[in-house]
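Residue numbers count from 1 along this sequence.
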Amino acid sequence: MTNYQPQLSLAKEAAKVAGEIISSYHSTSVGRSNNSAKVNIKSGVDLVTEADTRVEKVVTDMIKDAFPNDLIVGEEDQAERPKGKQGEDFPGGSLWCVDPIDGTVSFLSNNAHLFRLFDLFMSSNTIVDATQQTNFVHNYPFVVVSIGFIHNSIPRVGVVYNPFTDCLYEAAEGTGTLLNGKPVRIDTDATSIQDCLLVNNIGHLRNDDFIEESSERIQKWLRAGLRGFRASGSAAQNLAHVASGQVSCYFEHGYGGPWDVAAGIVLVREAGGVVWDARRDCDDLHMKFGKGSVCAGSRQVVEDVLKIAGKPKFDLDL
């Protein structure tokens, strides 16, 4: 039993409600969706749909009803978010992080997105579009709602739900991690990059320096004998897959914000893994405002992945 059972129960209930809303927009056609979710561009290639804002409002309303004194940080416009600058620590007390649809652009375009991944990556003038909302917009099934509860700046509860695969990942401090009610653990068979299945998102930044550094990093891993490379486009889904042992490691420099990782941090830690800030040696990822850098998996694999990649140089604070 956990001290955070009320928060865990609320997060699971809210995630299921959110999943029903997300599914209501889903198109059964193959390829880019013709669903009714209006699409807007937030910045660069980062997208937001009306489904994002609708889901976030429903989830935040449920949190407010159950925990009226808690703060809420959400990705879109519905949440009453505390003020925080890039890299600033979270405030103390009780706080929720909500990502209403992590993987928005996959919703509109289906599996061709992944099959084109390496062709796009290897092109000298193109980089993979792996922003989270892209999955939802492209009908690609790595689409999740992510709800994390944080107390005194430490993630304590995490729920990630994918309505298309009907996979509910849940964890609270001291409980272990469950996938649809069954205990799961990280991949402990992988001990180095040679037996590692690595998932690496490349976010919506398109600066030349960022593109070059991201490409060079992947080439380093491949030259070191990386067993397999994937890019799902959803940070929360990646962390859930690490927690359940479906992938060995997740790396991303430049994830969109704390809502992307708050829930997944709990999932991975409770499943026996580490979640480190990829910019710092052996340092747990702390909850901060703004973009961040993450590497998650078993300690052995994370150490090897970071050693080969080297510390990210692109300054996310710019």
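Here the side chain of Ser248 pairs no donor or acceptor atom with the backbone of Cys196 at under 3.5 angstrom. At least one donor-acceptor pair closer than 3.5 Å links the side chain of Trp221 to the backbone N or O of Val305. Without hydrogens or angle criteria, Gln246 side chain to His241 main chain gives no donor-acceptor distance under 3.5 Å. Proximity of a side-chain donor or acceptor of Gln300 to a complementary backbone N or O of Ser192 within less than 3.5 Å is not detected. In terms of modelled atom types and a separation under 3.5 Å, the side chain of Asn201 and the main chain of Gly233 share a donor-acceptor contact. In this structure, Glu216 contributes its side chain and Ala309 its backbone to no donor-acceptor pair below 3.5 Å. A donor-acceptor pair is defined here as one N or O able to donate and one able to accept, closer than 3.5 Å; such a pair exists between the side chain of Asp260 and the backbone of Gly257. In this structure, Asn162 contributes its side chain and Cys167 its backbone to no donor-acceptor pair below 3.5 Å.
Here the straight-line distance linking atom CD1 of Ile150 with atom CG of Asn152 works out to 11.0 Å at 0.5 Å rounding. Separating the CG atom in Asp89 from the CE atom in Met287 is a distance of 10.5 Å, to the nearest 0.5 Å. To the nearest 0.5 Å, the span separating OG1 on Thr177 from CD on Glu170 amounts to 9.0 Å. Between Leu316 atom CG and Lys288 atom NZ the span is 12.5 Å, to the nearest 0.5 Å.
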Under the side-chain contact (heavy atoms from CB on, under 4.5 Å) rule, what do Thr175 and Tyr4 come out as? Steps first, then yes or no, please. CA-CA 10 Å; Thr175 66; Tyr4 300 101; over 6 Å; no
Show the numbers, then the answer: is there a side-chain contact (heavy atoms from CB on, under 4.5 Å) between Val98 and Val73? CA-CA 6 Å; Val98 178; Val73 175; over 6 Å; no
Assess the residue pair Arg230 and Phe142 against the criterion (side-chain contact (heavy atoms from CB on, under 4.5 Å)); give the C-alpha distance rounded to whole Å, side-chain angles, the decisive distance to 0.1 Å, and a yes or no. CA-CA 12 Å; Arg230 302 291 185 269; Phe142 290 131; over 6 Å; no
Step by step, would you call Phe149 with Ile63 a side-chain contact (heavy atoms from CB on, under 4.5 Å)? CA-CA 10 Å; Phe149 173 74; Ile63 294 171; over 6 Å; no
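Linking Ile, Leu, Val, Met, Phe, Trp and Tyr whenever their side-chain heavy atoms come within less than 4.5 Å leaves Leu178 and Val159 in two separate clusters. Under the 4.5 Å side-chain heavy-atom criterion for Ile, Leu, Val, Met, Phe, Trp and Tyr, Val17 and Val157 are members of the same hydrophobic cluster. By the criterion of side-chain heavy atoms lying less than 4.5 angstrom apart, applied directly or through intervening Ile, Leu, Val, Met, Phe, Trp or Tyr residues, Val242 is not grouped with Val266; the two fall into different hydrophobic clusters.
A salt bridge links Arg280 with Asp277: the distance from a Lys NZ or Arg NE/NH1/NH2 to an Asp or Glu carboxylate oxygen falls below 4.0 Å. Note on Arg227 versus Asp195: no salt bridge recorded, every NZ/NE/NH1/NH2 to OD/OE distance being 4.0 Å or above. Electrostatic pairing of Glu20 and Lys16 does not count as a salt bridge here, judged by no charged N lying under 4.0 Å from a carboxylate O. Under a 4.0 Å N-O distance rule, the pair Glu303/Arg299 qualifies as a salt bridge.
For the residue pair Asp99/Ser146, the side-chain donor-acceptor check at 3.5 Å is not satisfied.
Counting heavy atoms from C-beta outward, Val58 and Ile21 have side chains that approach closer than 4.5 Å. Under the 4.5 Å side-chain criterion, counting only non-hydrogen atoms from C-beta, Ser153 is not in contact with His286. Two residues are said to be in side-chain contact when any heavy atoms from C-beta on lie closer than 4.5 Å; Val294 and Val275 meet this criterion. Leu285 is listed as a side-chain neighbour of Tyr255, based on a closest heavy-atom distance under 4.5 Å. Put simply, the side chain of Phe90 reaches to within 4.5 Å of the side chain of Leu95, judged on heavy atoms. Considering only heavy atoms from C-beta on, Trp276 comes within 4.5 Å of Leu306 through its side chain. Looking at heavy atoms from C-beta onward, His253 lies in side-chain contact with Arg217 at the 4.5 angstrom threshold. No side-chain heavy atom of Leu239 sits less than 4.5 Å from a side-chain heavy atom of Tyr169.
Within the structure, every pair that satisfies the salt bridge (charged side-chain N to carboxylate O under 4.0 Å, His left out) test and touches residues 148-157, not counting sequence neighbours, is listed here: Arg156-Glu173.
In this structure, Gly19 and Tyr161 approach most closely via the heavy-atom pair CA-CE2, 3.9 Å. Residues Ile186 and Val268 share a closest heavy-atom pair of CG2-O, 4.2 Å. The two residues Phe251 and Asn200 come nearest to each other via the heavy atoms O-ND2, 2.8 Å. When all heavy atoms are compared, the tightest approach of Ser234 to Ser232 is N-OG, 3.2 Å. Here the closest non-hydrogen pair linking Pro312 and Glu213 is CA-OE2, 3.4 Å. The minimum heavy-atom distance linking Ala190 with Ser298 is given by the pair O-OG, 3.9 Å.
When each of Leu226, Ile308, Ile193 is checked for a side-chain contact (heavy atoms from CB on, under 4.5 Å) with Lys220, only Ile308 meets the rule. Under the side-chain hydrogen bond (donor to acceptor under 3.5 Å, both in side chains) test applied with Ser9, the options Glu13, Gln7, Lys12, Gln5 reduce to a single match, Gln5.
For Asn180, the CG atom is densely surrounded, since the number of other residues' heavy atoms within 6.0 Å is greater than 12. Annotation: Asp208, atom CG; neighbour count of heavy atoms from other residues, nucleotides and ligands within 6.0 Å does not exceed 12.
Using cut-offs of 30° and 60° on the angle between ring planes, the pair Trp96 and Phe67 is tilted.
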